[in-house]
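These values consider heavy atoms only, across backbone and side chains, with no hydrogens, waters or symmetry-generated copies.
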Amino acid sequence: MVSRIEIIRDMLVPDHYDFENKKRSEIETLCRVTLELCLEKGTKTLSVNYKIDNTAKDHRMRLVIRTGVDTDSIITDIPFDILQHKDNA
């Protein structure tokens, strides 16, 4: 048995960065974010899947989940790598 919830949010973000004027574009574009949380009976872990339809030309998105776990390091992923570094929060 699996309990599953899907949360969908549409976000308006700057369409691009205006490098000439060193500021974000005043034009906005819509990006849909889908977050799926799954909890399977008998497990102690929560499965988190997310999908971002990033339609902006050069906009970076990130997902931050506050877990309440007391730790001094963070594990993060970037294209083609997984990094662990000290938490500065």
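Distance alone, capped at 3.5 Å, places no donor-acceptor pair between the T34 side chain and the Y50 backbone. A donor-acceptor pair is defined here as one N or O able to donate and one able to accept, closer than 3.5 Å; such a pair exists between the side chain of Y17 and the backbone of K22.
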Derivation and outcome, side chain to side chain contact (heavy atoms under 4.5 Å, CB included), residues D53 and C31 | CA-CA 5 Å; D53 183 14; C31 293; 5.9 Å; no
Verdict with reasoning, V48 to L35, per side chain to side chain contact (heavy atoms under 4.5 Å, CB included) = CA-CA 7 Å; V48 178; L35 177 67; 3.7 Å; yes
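In this structure, V13 and A56 approach most closely via the heavy-atom pair CG2-CB, 4.1 Å. The two atoms that bring E28 and L12 nearest to each other are OE1-CD1, 3.7 Å, heavy atoms only. Here the closest heavy-atom approach between residue P14 and residue S25 is recorded as CB-O, 3.8 Å.
The hydrophobic cluster containing I75 also includes I82, under a criterion of side-chain heavy atoms closer than 4.5 Å among ILVMFWY residues, counted directly or through chains of members. When hydrophobic residues (I, L, V, M, F, W, Y) are linked wherever their side-chain heavy atoms come within less than 4.5 Å, M1 remains an isolated member.
The cluster map of Ile, Leu, Val, Met, Phe, Trp and Tyr, joined by side-chain heavy atoms under 4.5 Å apart, puts I7 and I52 in the same cluster. In the hydrophobic clustering of this structure, I27 does not group with M11; members are Ile, Leu, Val, Met, Phe, Trp, Tyr whose side-chain heavy atoms approach within less than 4.5 Å, directly or through other members. Residues V2 and L39 do not share a hydrophobic cluster, clusters being chains of Ile/Leu/Val/Met/Phe/Trp/Tyr side chains in contact below 4.5 Å.
Rounding to the nearest 0.5 angstrom, the gap separating the CD atom in E36 from the OG atom in S47 is 7.0 Å. In this structure, CD in Q84 is found 4.0 Å from OG in S73, a value given to the nearest 0.5 Å. Taking CG of D81 as the reference point, atom CG of L83 lies at 4.5 Å (rounded to 0.5 Å). One distance of note links OG of S3 with CG of L46; it measures 10.5 Å at 0.5 Å rounding. One distance of note links CG of L37 with CD1 of I5; it measures 6.5 Å at 0.5 Å rounding.
Evaluation of the salt bridge (Lys or Arg N to Asp or Glu O under 4.0 Å) test over residues 9-20, restricted to residues two or more places apart or in two chains, returns D10-R32, D15-K57.
At most 12 heavy atoms of other shown residues, nucleotides or ligands fall within 6.0 angstrom of atom CD in E26.
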